[in-house]
Amino acid sequence: MTPNPEIDLARKFVWYTNRNVFLTGKAGTGKTTFLQNLKVNPLKRTIVVAPTGVAAINAGGVTIHSFFQLPFGPILTKKITGVTNQQRSNEQRYRFSKTKINIIRTLDLLVIDEISMVRADVLDGIDEVLRRYRRADVPFGGVQLLLIGDLQQLPPVVKKEEWELLKSYYDTFYFFSSHALADSKPVNIELKTIFRQQDEEFIRILNEIRDDRLTPGSLQTLNDRFHPSYLHGDNEGYITLTTHNAGAESINHQKLARLGTQLYTFEAEVQGDFPSYNYPAPANLQLKEGAQVMFLKNDTSYRKQYYNGKIGVVTELDEEHIEVSFPGEDERVEVEKEEWRNIQYTIHPGTKNIEEKEVGKFIQYPLKLAWAITIHKSQGLTFDKAVIDAHAAFAHGQTYVALSRCKTLEGLRLSTPLSSDAVICDPMVRHFNSKVAANKPDSQDFAKSRRAYQQMLLNELFNFHSIEKQINNLFHLIDTNEESVQGNLKNKLMELSNVHLPHLKDVSIKFQNQCNRLFQENRYPETDSFFNERISKAGIYFKEYLENQWQPAFGKLYYESDNRAIQKSLDELSEKIEGETTQKIKSFTAVSTGFDLVSYLRTRALAQLGDMEVERKPKIILNDSDVIHPELYQELKAWRYQLSNEAGVALYSIVSQKSLRLIANELPTTIKQLGSINGIGKKKLTQHGDDILKIVQEYCHKKNIPIRKDSNHPPLREKKEDTKQVTFNLYQQGMDIPAISKQRGLTTGTIERHLAYYVEQGTLEITDFVREETIKTISPLIKSDKTRSLSEIKSLAGDEVTFSDLHFVISHLKRKEVEKAK
């Protein structure tokens, strides 16, 4: 395609700025070719969407509604209406797959083709989705938009009742009335060079129709192309453009029926997922020799014998052979079947690039009967010869679309005379187009936008607002749930917030100021060695500081909560800080050798993807500086966790975490001592006193810690009847653990510990309670590191291993050690 200033400027705005671009132009100015060239080697992470299935297939993309999961009716977002309950329904709607969320969060450029057919509320619906998964404070979540289309062509389809709902919020239903688009202040670029028509007189008439100023002389010139015979005559080589589908189908069926040759039917082959409403060609193609046909695709071979919209006549055919010739041309085409792909966007597991994944395929001869076609379906096509039947034009742009499909006036015929009423032009569109024409961007606008984009990227990189925000969120969570959060989290966060973060912010602000001064001098990192050197040194400094100062300090955090909701929030916030720190380090590494826009955008996206794909586990606390006996503390937690699972109740409803820490510090071994622990009342003493005291006493015995004396209340003594022996006797009688638990009124955990005692004594076999495979899984984990808590061992062993298994295997291993010592 011959370069021209508008196309070159549009390309620069798309690749080297973050400005939203509306690319428009008269029919035949190369908008479709621009999109095709754009997709060949994209410099940004890009996806293409379109308002209809056929438009999406032709553009090599997906439909707007399928990708963004939007409803087909009016979309009233919370941002537009202020209604909160509407937002809740939207949240239900926007449950995207992980892959789609990753695509959205790393997307640089969203291309919307045939934008003239997109309603304003649909564009605001897209804005809502992008804000939801990206930045909520900027239009479209910070994604750049390229909107391609001609407003003088077919408008959105809007039912009367839909407009009744929308008109309270929108000036018009056209895309340019979108609130999000208005907030983003897009740049409008109009392509001027017309490639389809070379006839100056015809171009002038089409421009008059676009501007709603068709002169009587021009109208007469068009009507000179009318003759009554054109409607019912053969019109060899001509295609009739009608306003309604029924009219086009009627003409095609009548013409085909009149042919005396044999009828052949060619069935399309459909593979995978390819909905029938998106079929780009007839599923059952019926042809006869002599039928007039239109090609539905460009010739992808090196011969380039036909293009989308070229008219021909079937000269030979049989069950497996179709030959088409063209009026006025000697060459005949042996038509081969073509393929159309239905795609979904995905992320390549290796390269992490956004890629097109084929989910379905439609295989058919690229032909359809072409004595007639609707004006709507002709959009984007080019005809050498056409009969226009636009007397029943009912919508803005229909007459213009029909006329502008033709290359020349000579190739144009009218089946009925045109009246001035048939040329319908919406004044709102005319007004918008006049603003587009009056505000043309130039090279200076591009330079400013390019500078602003690079400034934004560097300011975004060299600031720590997001990390600071997450730290403040952590502070707020701790302050509002202080009793439920244990550990050093608050103190360590104070160190990060008061020492490291101020230093990072101070240095970054100074560096950003220096960058902004250089930009004001029209200096750019890619072309200015001093500027590039400064960025490189700053990247190295911040990378090393984060790795050597920030990450070690952050790694010393420990915390836990017996409220699972609070624990989950603590984990999520700390993981966000950790993830954003990792992203920063990777991005700083990318610029440590200098700033390159394309390379930096790719690194930033990969850093985000890397963070999203990390499977993190909750922090496991092995030691606490404020717990005197951390091993006992872990045993008490494991007992509480098991009891919580058995009873189906929250951890803190059994014994609070704070009380467990006090028990691990004070080592109560009598009912009175345990009752003096804050949070242990009469009810908890009755329910769990014996279990807790037994755990503490066994720990003291194992560690040779003297039992605390109490003159009025002696240490807890074993009952005259050995409780473990009672359990053992019932087990020997054939009762299982749940039955013994029920009869004795003790928890299953207590019964299991009784029986584990006899495993340790060698009286019972471990395999009566634990499978051999499980023993082999657990044993190495216990032997390799005897400081591991039960919780850590269980986490390493996997979800199939229970705490019951752990107790039995530990007892079994103790027995083995005794036997080995002998």
Side-chain angles (χ1 to χ4, degrees), residues 486-487 558 560 620-643 654-680 685 688-711 713-719 722-724 749-750 752-762 778-779 781-796 803-804 806-822:
Q486 307 296 322
Y558 64 82
E560 62 180 342
I620 300 173
I621 302 173
L622 303 180
N623 293 289
D624 280 317
S625 59
D626 57 344
V627 174
I628 299 173
H629 301 282
E631 186 179 337
L632 173 60
Y633 179 48
Q634 296 299 325
E635 289 183 23
L636 290 167
K637 282 171 59 183
W639 161 79
R640 183 182 66 159
Y641 182 80
Q642 183 178 359
L643 200 58
I654 297 172
V655 180
S656 74
Q657 190 167 273
K658 187 174 183 180
S659 297
L660 290 185
R661 297 171 83 88
L662 291 172
I663 292 169
N665 283 341
E666 298 182 17
L667 301 180
T669 54
T670 69
I671 291 295
K672 180 180 179 182
Q673 291 169 1
L674 183 59
S676 68
I677 297 291
N678 186 24
I680 304 294
L685 280 173
H688 310 302
D690 282 356
D691 277 352
I692 294 173
L693 291 172
K694 186 65 64 180
I695 293 170
V696 175
Q697 289 178 346
E698 289 179 356
Y699 174 79
C700 291
H701 175 72
K702 181 172 65 174
K703 297 293 184 181
N704 294 319
I705 299 173
I707 299 294
R708 286 174 53 193
K709 301 295 182 181
D710 188 322
S711 58
H713 295 272
L716 187 71
R717 299 180 184 276
E718 292 286 344
K719 296 178 181 179
D722 187 339
T723 186
K724 291 194 291 293
T750 300
E752 287 167 353
R753 282 193 293 275
H754 289 170
L755 296 175
Y757 169 80
Y758 289 99
V759 170
E760 184 177 347
Q761 299 303 310
I778 298 173
S779 297
L781 298 176
I782 297 173
K783 292 178 180 178
S784 61
D785 187 352
K786 294 185 178 181
T787 65
R788 284 184 176 134
S789 67
L790 290 178
S791 297
E792 186 179 12
I793 296 169
K794 185 178 185 305
S795 175
L796 293 170
F803 281 106
S804 171
L806 296 180
H807 286 300
F808 280 113
V809 173
I810 289 172
S811 297
H812 168 68
L813 293 177
K814 287 179 179 177
R815 173 65 186 171
K816 289 292 185 182
E817 288 180 1
V818 171
E819 290 176 351
K820 187 177 180 180
K822 291 180 179 179

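What you see below is based on every heavy atom in this structure, not just the backbone, and it leaves out hydrogens, waters and symmetry mates.
Side chain of R753 to main chain of H807: no donor-acceptor pair is present (N/O by atom type, distance under 3.5 Å, no hydrogens or angles).
The shortest heavy-atom contact between N665 and I628 is OD1-N, 2.6 Å. The minimum heavy-atom distance linking L674 with P668 is given by the pair N-CB, 3.6 Å.
Looking only at atom types and distance, the side chain of S659 has no donor-acceptor partner in the side chain of N678 under 3.5 Å away.
Side chains of V759 and L755 form no contact here, defined as non-hydrogen atoms less than 4.5 Å apart. At least one side-chain heavy atom of E666 sits less than 4.5 Å from a side-chain heavy atom of I677. No side-chain heavy atom of R640 sits under 4.5 Å from any side-chain heavy atom of L636. The shortest side-chain heavy-atom distance between T670 and L693 does not fall under the 4.5 Å cut-off.
Between K694 and E698 there is no salt bridge, since no side-chain nitrogen of the basic residue lies less than 4.0 Å from a carboxylate oxygen of the acidic one.
Scanning for salt bridge (charged side-chain N to carboxylate O under 4.0 Å, His left out) contacts around E760 gives an empty result, with sequence neighbours left out. Here K703 pairs with E631 under the salt bridge (charged side-chain N to carboxylate O under 4.0 Å, His left out) rule; sequence neighbours left out.
In this structure, CD on E752 lies 10.5 Å from CG on L806, to the nearest 0.5 angstrom. Summarising the geometry, atom CG belonging to L781 is positioned 5.5 Å from atom CG belonging to L796; distances are rounded to the nearest 0.5 Å. One finds the CG atom of D690 at 11.0 Å from the CD1 atom of I695 (value rounded to the nearest 0.5 Å). We find the CD1-CD distance between I707 and Q673 to be 9.0 Å, quoted to the nearest 0.5 Å. Here CD of Q634 is found 10.5 Å from CD1 of I793. Values are rounded to the nearest 0.5 Å. With rounding to the nearest 0.5 angstrom, the NE2 atom of H629 is 4.0 Å from the CG atom of L667.
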**Asked** How far apart are the C-alpha atoms of T669 and Q697, what are their side-chain angles, what is the distance that settles it, and do they pass the side-chain hydrogen bond (donor to acceptor under 3.5 Å, both in side chains) test?
**Response** CA-CA 6 Å; T669 54; Q697 289 178 346; 5.3 Å; no

**Asked** Checking side chain to side chain contact (heavy atoms under 4.5 Å, CB included) for the pair Y633/I663: CA distance, chi angles, key distance, verdict?
**Response** CA-CA 8 Å; Y633 179 48; I663 292 169; over 6 Å; no

